[in-house]
Structures are given as C-alpha cells and as structure tokens.
Amino acid sequence: MIDPELRRDIVELEMVRSVDIHENGVVDVMVSLTTPGCPIRGHFQTGVGEAIRKLEGVTGVNISFDVLSDNEKQALGRKLGRGSLPEGALAQVKNVICVGSGKGGVGKSSVTANLAAALTADGKQVGVLDADVWGYSQPRMLGLGNERPHVNAERKIVPLRAYDGISVMSIGFFVEQDAAVVWRGPMLHKALQQFLEDVDWGELDYLLIDLPPGTGDVSMTLAQLLPQAKFVIVTTPQPVAQKVARRSAEMATKLKLEIAGVIENMSGFVTPSGERFQLFGEGGGQLLAEELEVPLLGKVPLTMPLREQSDAGVPVVFSDPDDPAAQALHHAARGLIALSPIELPVMQMPAPAAAPKPVGMSLPMA
Ligand SMILES: Nc1ncnc2c1ncn2[C@@H]1O[C@H](COP(=O)(O)OP(=O)(O)O)[C@@H](O)[C@H]1O
Ligand SMILES: [Mg+2]
C-alpha cells in the first residue's frame with residue numbers, strides 16, 4: 001500500500017501501528033495517519049482492505065485509524081528527507097535527479113552535462129555526480145581534464161568546479177587517464193556512498209546523477225541511499241529503444257523512485273540550414289511518456305555542435321545557445337524546474353485540504 005501523498009510504502013514508513021490476526025481468519029489493522037482529518041483516510045480504508053483480503057486464509061478485515069505522535073511525525077520527516085544517508089550528508093541538496101536509460105550511447109551523459117549547464121544558466125546551483133563508474137564521461141564533457149579534487153579541513157572531498165558554477169564529482173578524477181574501473185558489488189557501493197557522504201556538495205538546487213546504462217548495481221545502490229531521488233529517462237525515438245528504456249522505468253518503479261519525465265534524444269537530424277531528417281524514426285519518447293504518464297520534457301535533435309562541444313568539453317547550451325539541441329535541452333531543464341517541489345520545511349505534513357499540486361511534487365529533501 002503506497003501512501004498517495006508521500007509516495008512510499010506505508011509499512012516502510014512505519015504507518016502501520018498494529019496487525020492482529022485472529023484464529024477465525026479475521027485481521028485487525030491499525031493505520032496511523034499524519035493528521036486526524038486526513039483526506040486520504042478513505043483511500044487507505046479501501047486499499048488496505050483490498051490488499052489484505054487477497055491473502056490466503058483471510059476471512060475478514062477490520063481497519064482502524066489513529067494519529068502519529070509528534071515524535072513519530074518527526075521520524076517520518078527524517079525518513080522522507082534523508083533516506084539512509086547519515087544526517088546532513090545531502091541536507092543542503094534540494095533535488096536529486098538521476099538520468100538513466102536502458103542502454104548506452106543514447107546520450108545520457110550529454111543530456112546530463114547540458115541540463116547542468118542550462119540549470120546553471122537559469123541561476124540554479126547545480127552539482128553533477130558521474131555515477132557511470134565504468135564509462136565515466138563527465139570530466140571530458142565538462143572540460144575538467146587533469147585536475148584532482150582536494151580534501152578540505154573538514155576532511156571532505158571538494159568537488160571540482162566546471163564553468164565557475166557546476167560542482168562535479170567523477171571516478172575519472174581518481175584514476176589514471178582512461179584507465180578501466182573494474183569494481184563491482186561492495187567496492188562500488190562504497191565508492192558511491194563516499195561520493196554522497198564524503199563529498200562537500202554544499203548547497204545545491206539540483207544534484208544530477210549520470211547513471212551507467214542498464215538497471216544494475218549502481219541504480220540499486222543509489223536507490224537505497226537516495227530514496228527521494230527522481231528519475232529522468234533518456235530514450236531515442238525508435239520504438240525498440242523505447243522498450244529498452246521502459247525497463248529502466250520499471251526498475252525505478254520497483255525501487256519506488258519517482259519518474260520525473262522522459263527526454264527523447266537524437267530526435268532527427270537538423271542540418272545547418274534547418275532541414276530535419278528522422279534518422280532514428282519518430283515518436284518513441286512520446287510513447288514512453290504516455291505509457292509512464294509522465295511529461296515528455298524535450299525532444300533533442302542530433303546536431304553537429306552538440307557532438308563537437310561535448311568532445312571539446314563545453315556544453316552546447318553554453319557554447320551555442322541557439323543550436324536546436326541546446327534549445328531543446330534548455331526547454332527540458334525549465335520543465336524540470338517547473339516540476340520541482342515547492343519549498344516546504346521537511347516536518348510539515350500534507351495539509352488536510354491540500355491545494356492542487358503540480359505533477360510530480362513531493363516533499364523536499366531538506
Ligand atoms: N543530440 C545529439 N547530437 C549529436 N551528438 C550526440 C547527441 N546526443 C549524443 N551525442 C553523441 O553521441 C555519443 C554518445 O552520447 P553520450 O552522451 O555519451 O551517451 P550515453 O551517456 O548514453 O552513453 C557522444 O559522442 C555524444 O557526443
Ligand atoms: Mg554516459
């Protein structure tokens with residue numbers, strides 16, 4: 001049973017006060033609400049009842065309600081706000097956005113670097129965590145060649161700064177140039193945890209995480225560490241690619257991460273004279289967005305400047321803001337801003353008569 005406002009499992013949120021199973025197959029459940037006049041009480045009544053009645057041997061269900069104590073509400077706030085990271089690790093980061101896709105080469109890293117550039121251009125404080133440990137590319141795309149991060153007085157790793165604003169952390173800063181990283185399992189988990197806990201990210205509006213392709217170890221680890229992260233899925237317009245991308249959406253859903261939207265990349269090729277060819281077909285992004293019931297944040301065409309600039313270490317959003325790919329990426333960044341939560345203090349629970357909310361809103365992280 002998922003709390004429709006908090007978007008998390010009510011068992012995991014410790015909102016199930018008690019479960020008593022009687023010999024005759026009747027089950028009594030008490031659910032704790034955040035406020036006595038909780039508007040979604042009816043929703044819980046039906047949802048919990050249905051979930052339990054489905055179980056073998058159950059002959060009846062009684063559902064009662066009470067209200068979380070102030071201490072419990074605070075614990076819930078902490079749970080929603082900081083996940084399983086130690087207090088304060090990302091306390092000053094307002095939004096965590098994972099950029100993922102089913103497969104490699106669809107432009108996740110280019111999209112991440114350019115979203116970072118566009119958000120920065122719109123006055124946001126942005127960080128980029130390159131979680132593609134095997135195929136790291138943010139150092140190159142953001143023009144951070146040979147520098148190495150240093151450790152500050154608080155013994156935290158200071159991210160490198162790209163373009164006077166974007167804080168960047170990548171495994172690429174710690175290994176010899178182009179060396180292969182062969183970590184898996186616990187090593188990988190530890191490295192990612194360190195990137196979140198031991199890096200001085202400071203105050204950020206957005207931390208963008210460039211995921212490796214596929215649905216493996218890294219995504220699982222991050223989901224564990226960052227239950228409040230949202231996903232942006234990058235796909236190409238081909239129906240086949242959209243099927244692959246859907247797998248990463250399914251994984252996100254399984255991990256209970258919210259999907260913020262879809263970005264279609266390589267949406268046709270625009271010639272310098274403005275003519276467009278649909279090299280990779282059409283409509284994949286739209287289909288996927290409809291299927292997932294999330295917004296299509298942008299359709300980014302293939303352009304020469306995007307490729308050249310990402311090789312040269314300058315996001316096209318900075319170097320050629322009028323390029324059609326740059327414009328589409330800027331548009332997508334504005335879409336993300338529009339979806340971001342309004343800033344409530346973390347302890348504040350949803351008001352009984354909640355005003356209509358923008359799609360995708362959830363409690364902020366800090
Ligand atoms: N819209 C685009 N226009 C031109 N080149 C692109 C575009 N998107 C990606 N590329 C190029 O395709 C290659 C793969 O992109 P990348 O962002 O590294 O993908 P991923 O991170 O998904 O593996 C890179 O060389 C990049 O410059
Ligand atoms: Mg990549």
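Along the sequence shown, residues are numbered consecutively beginning with 1. We count ligands from 1, going down the list as the structure has it; atoms in each ligand are counted the same way. What you see is a predicted model; the values in this text were computed from it and never measured. All values below come from the heavy atoms of this structure, side chains included, with hydrogens, waters and symmetry mates left out.
For atom 24 (C) of ligand 1, no protein non-hydrogen atom is found at a distance below 4.0 Å. Distance screen at 4.0 Å: atom 13 (C) of ligand 1 has no protein heavy-atom neighbour inside the cut-off.
Of all the heavy atoms of Met141, the ones lying under 4.0 Å from any atom of ligand 1 belong exclusively to the side chain. Within the 4.0 Å heavy-atom criterion, both parts of Ser109, backbone and side chain, lie near ligand 1. For Leu302, heavy-atom contacts with ligand 1 shorter than 4.0 Å involve the backbone as well as the side chain. Using a 4.0 Å cut-off between heavy atoms, Asp132 makes no contact with ligand 1 at all.
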Subject >> Step-by-step side chain to side chain donor-acceptor pair (under 3.5 Å) determination, Asn95 to Asp205 >> reply: CA-CA 6 Å; Asn95 299 280; Asp205 295 308; over 6 Å; no
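At least one N or O atom of Ser310 sits closer than 3.5 Å to an N or O atom of ligand 1. Taking any N or O of Val106, backbone or side chain, at least one lies under 3.5 Å from an N or O belonging to ligand 1. The N/O atoms of Ser137, backbone and side chain alike, include none that comes under 3.5 Å of an N/O atom in ligand 1. Some N or O of Gly107 is nearer than 3.5 Å to an N or O of ligand 1, by distance alone. An N or O contact shorter than 3.5 Å links Asn265 to ligand 1 by distance. Between Met266 and ligand 1, no N or O atom pair is found at a separation short of 3.5 Å. Checking only distances, Ser101 never comes within under 3.5 Å of ligand 1, N or O to N or O.
Ion pairing of Asp198 with Lys156 is absent here, as no side-chain N (NZ or NE/NH1/NH2) approaches a carboxylate O to less than 4.0 Å. The residues Lys256 and Glu12 are annotated as salt-bridged, a charged nitrogen and a carboxylate oxygen being separated by less than 4.0 angstrom. The residues Glu72 and Arg17 are annotated as salt-bridged, a charged nitrogen and a carboxylate oxygen being separated by less than 4.0 angstrom. Between Lys108 and Asp210, no side-chain nitrogen of the basic residue sits less than 4.0 Å from a carboxylate oxygen of the acidic one, so the salt-bridge criterion is not met.
In summary, no N, O or S atom of Ser110 is located under 2.8 Å from the Mg ion (ligand 2).
Hydrophobic cluster membership differs between Val232 and Met141, with clusters built from Ile, Leu, Val, Met, Phe, Trp and Tyr side chains linked at under 4.5 angstrom. Following chains of ILVMFWY side-chain contacts shorter than 4.5 Å, one can reach Leu297 starting from Val234, so the two form part of one hydrophobic cluster. In this structure, Met15 is not a member of the same hydrophobic cluster as Val67, with clusters built from ILVMFWY side-chain heavy atoms closer than 4.5 Å.
Heavy atoms of other residues, nucleotides or ligands lying less than 6.0 angstrom from CD of Gln45 number more than 12. Annotation: Met304, atom CE; neighbour count of heavy atoms from other residues, nucleotides and ligands within 6.0 Å does not exceed 12.
With no hydrogens or angles considered, no side-chain donor-acceptor pair links Thr253 and Glu250 at under 3.5 Å.
The nearest heavy-atom contact from the protein to atom 11 (C) of ligand 1 is Arg307 CG, 4.1 Å. In this structure, the protein non-hydrogen atom closest to atom 4 (C) of ligand 1 is Thr303 O, 3.1 Å. Of all protein heavy atoms, the one closest to atom 7 (C) of ligand 1 is Leu306 CD2, 3.3 Å.
The atoms of ligand 1 that sit less than 4.0 Å from any heavy atom of Ser110 are 9 (C), 15 (O), 16 (P), 17 (O), 26 (C).
At least one heavy atom of Pro301 lies less than 4.0 angstrom from ligand 1.
A heavy-atom distance below 4.5 Å is found between the side chains of Trp134 and Pro212.
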